[in-house]
Amino acid sequence: MDKLEEMFHLFQARIPETARRIRPEIIRMSELFATCAQAGGVIQLFGVRHGEEFVNELNFRAGGLAPFHAIRPMDMALNGLIEKDCVESGDVFNRADLLSTLLGLYKLDARDLYCIVSAGGNEPLSLALAHEAKANGHVLTAVVNRKTVAKETGETVADLADCILDMGADDPDIATVVQDQSIGQLGSTLANVSAQMITAEMYAWYVRNGLKAPVLLSANNEGADRHNAALTDPYNGRIR
Amino acid sequence: MNTTICAETFQERLLLLLEHLYTSQKENLEKTAQAFADCIARRGVIHIFGTGHSVGLGLDIKGRPGSLVPIHIMDMNDFVFKGGIPLAQFKDKKDIFERQAGVAQKLYDLYAIRPQDIFIVISNSGINGIAIDIAQLARDQGHTVIVVTSMQHTLAEKSRHASGKHLYECADLILDTCGPAGDALLDIDGIQTGPASSLVSMLLLNIVASEAIRVCMQDGYRPYVFQSQNVDGFDNDAIYEHFQGRIKHF
């Protein structure tokens, strides 16, 4: 079997298996997100390394929901506050001292919820953000890879979170082998399926509660800019 | 109002899409994996470009154990980091930077692109100017261009490019994400949600990259693949140096 077929069948098998297993976590996290949004809060997303892909799947996404915002370490580099290399090399996640600089770039609010996306959940910057969120009374959620977290000996964001969603990947996240070479990953794709399941479940929450879901339109659609601005302008710069 | 839509509905529709995806795309996936392998064997780099939510998709096949090394993300942020564009101008909502004339050429010129390199350009709608410009520029320079797009979506939209072309018309190979027009697996009372293009694109790139490694090895060529830093004697930083700035850290 070539790797196309093998990898494809792996995804086909793992997507429904993971979705079934994390169903209660999806429902719980969706309810927390929707409740926060309905109360005027924003879901503040923070992704570590490949966790950024989960963040992108929810943040200002056509067909997604409006009240999300990404806290991005790269914003510090773009603003000239740290070197770009510090972000690209991943060193930034070891720098808990940068938390106030990072958060200082955004309009944050007492009603906001924090969601940290990190396979291991033990980076100093992630932990600093988690502690800051909890100390200030915010709801904290974590998207982690449970098999990775289980190997950690110290504190992780999963220890602090009010709700945890499992990425569902193996540890290490290796899909297959060619000769003696381990190759391929499943984790981010599985996590992004979860992200869209959260979108769908949030939508269901709005409908169940007789509310109109704040669904963003693709900028390619006629009138999308006006529609999206009507959803985002009330946040006065908090979500873009 | 439809009250039965939920997470499971999205998952069920995604699995239906995947069923069709593989059978319809197998041939082009094989050709794309071969193009990757040929590029790698010639010590080339695979440049990946996408805008909007496509911008981060290349990251999934880059920079972690088991992933190919010679992957380079063409990043619009490089206009600020390497191109001297002030952040305020780059982020100006009234004069959207990526829609300005000549932007694609300026981005292209920021990188050390070599003749053996190939390009992946990702846009689900396939109608926006900069993605079409990048693909056309690369083809004009003789590079193989692989486009990831939704044919159903793009054929339903009018191009925003001055030439009237869609992205797929600038491709040597097309990987169709097979998603519906509007990129929504859920349509509830006229409201479209449940976008699938990003995760389908990630899946396609993942399986292509894995097959490319297999093809290389079958052909007797061992490609550079990132290893866990826990593997004795392996130094990922040395690999970056080997490519002399043509690829970046994750």
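Below, chain A is the first sequence line, B the second, and so on; all start at residue 1. Worth knowing before you read on, the calculation uses all heavy atoms, side chains too, and leaves out hydrogens, waters and symmetry mates.
Within a 6.0 Å radius of CD in A:Glu152, other residues, nucleotides and ligands contribute more than 12 heavy atoms. More than 12 non-hydrogen atoms from other residues, nucleotides or ligands lie less than 6.0 angstrom from CD of B:Gln218. Counting non-hydrogen atoms of other residues, nucleotides and ligands closer than 6.0 Å to CZ of B:Arg160 gives a total above 12.
The part of A:Asn59 that comes within reach of chain B is its backbone (N, CA, C, O), which places non-hydrogen atoms under 4.5 angstrom from that chain. Heavy atoms closer than 4.5 Å to chain B are found in the side chain of A:Ile174, but not in its backbone. In this structure, chain B has a heavy atom under 4.5 Å from the side chain of A:Phe11, while its backbone stays farther away. Interface remark: A:Ile26 contributes side-chain atoms only to the contact with chain B (heavy atom separation under 4.5 Å). When heavy atoms are compared at a cutoff of 4.5 Å, A:Ser182 approaches chain B solely by way of its backbone atoms N, CA, C and O. At a 4.5 Å heavy-atom cutoff, A:Pro172 makes no contact with chain B through either its backbone or its side chain. Contact annotation for B:Glu12: neither backbone nor side-chain heavy atoms come within less than 4.5 Å of a heavy atom of chain A. The contact between B:Phe81 and chain A is made entirely by side chain atoms (from C-beta outward), counting heavy-atom distances below 4.5 Å. At a 4.5 Å heavy-atom cutoff, the contact between B:Leu203 and chain A is made by backbone and side-chain atoms alike. When heavy atoms are compared at a cutoff of 4.5 Å, A:Ala175 does not approach chain B at all. Contacts of B:Leu199 with chain A are made by both backbone and side-chain atoms, with heavy-atom separations under 4.5 Å. When heavy atoms are compared at a cutoff of 4.5 Å, A:Val215 approaches chain B solely by way of its side chain, counted from C-beta outward.
Checked by atom type and distance alone, the side chain of A:Glu201 never pairs as donor or acceptor with a backbone atom of B:Cys6 at under 3.5 Å. With hydrogens and angles ignored, the 3.5 Å screen pairs no side-chain donor or acceptor of A:Gln196 with any backbone N or O of B:Gly194. Judged by distance alone, with hydrogens and angles left aside, the side-chain atoms of A:His50 form no donor-acceptor pair with the main-chain N or O of B:Arg64 at under 3.5 Å.
Contact detail for B:Asn77 and A:Met74: the closest heavy-atom pair is ND2-CG, 3.9 Å. Closest approach of A:Ala62 and B:Pro195 over heavy atoms only: O-CG, 3.3 Å. Residues B:Gln11 and A:Ala19 approach most closely at OE1-CB, 3.2 Å, considering heavy atoms. Contact detail for B:Gly66 and A:Gln185: the closest heavy-atom pair is C-NE2, 3.5 Å.
Per-residue heavy-atom pair counts under 4.5 Å with chain B were compared for A:Ala77, A:Gly187, A:Ser218, and the maximum is reached by A:Ala77. Contact count against chain B (heavy-atom pairs under 4.5 Å) is highest for A:Val193 among A:Ile198, A:Val193, A:Asp173. Considering only heavy-atom pairs separated by less than 4.5 Å from chain B, the leading option among A:Met197, A:Gln179, A:Lys212, A:Gln12 is A:Met197. Ranked by non-hydrogen atom pairs under 4.5 Å with chain B, the options A:Val178, A:Leu78, A:Thr199, A:Asn192 are led by A:Leu78.
Rounded to the nearest 0.5 angstrom, B:Lys91 NZ and A:Asp75 CG are separated by 5.5 Å. Taking CD1 of A:Ile15 as the reference point, atom CG of B:Leu18 lies at 5.0 Å (rounded to 0.5 Å). Summarising the geometry, atom CD1 belonging to A:Ile183 is positioned 4.5 Å from atom CD1 belonging to B:Ile213; distances are rounded to the nearest 0.5 Å. Taking OG1 of A:Thr189 as the start and CG of B:Asn206 as the end, the distance is 5.0 Å to the nearest 0.5 Å. Atom-to-atom distance recorded for B:Ser210:OG and A:Gln181:CD is 10.5 Å, nearest 0.5 angstrom. Distance check, rounded to the nearest 0.5 Å: CZ of A:Phe8 to CD of B:Glu211 gives 14.0 Å.
A 4.5 Å side-chain heavy-atom check between A:Asp2 and B:Lys26 finds at least one atom pair inside the cut-off.
For A:Lys84 and B:Asp75, the salt-bridge test fails: no basic side-chain N is under 4.0 Å from an acidic carboxylate O. Residues A:Arg20 and B:Glu8 are not paired through a salt bridge, judged by the lack of any N-O separation under 4.0 Å between the basic side chain and the carboxylate.
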Run the side chain to side chain contact (heavy atoms under 4.5 Å, CB included) check on B:Thr193 and A:Met202 step by step: do they pass?
CA-CA 11 Å; B:Thr193 188; A:Met202 284 179 73; over 6 Å; no
Start with the C-alpha distance between A:Arg61 and B:Asp183, add both sets of side-chain angles, then the distance that settles salt bridge (Lys or Arg N to Asp or Glu O under 4.0 Å), and finish with yes or no.
CA-CA 11 Å; A:Arg61 178 81 166 92; B:Asp183 188 22; 3.6 Å; yes
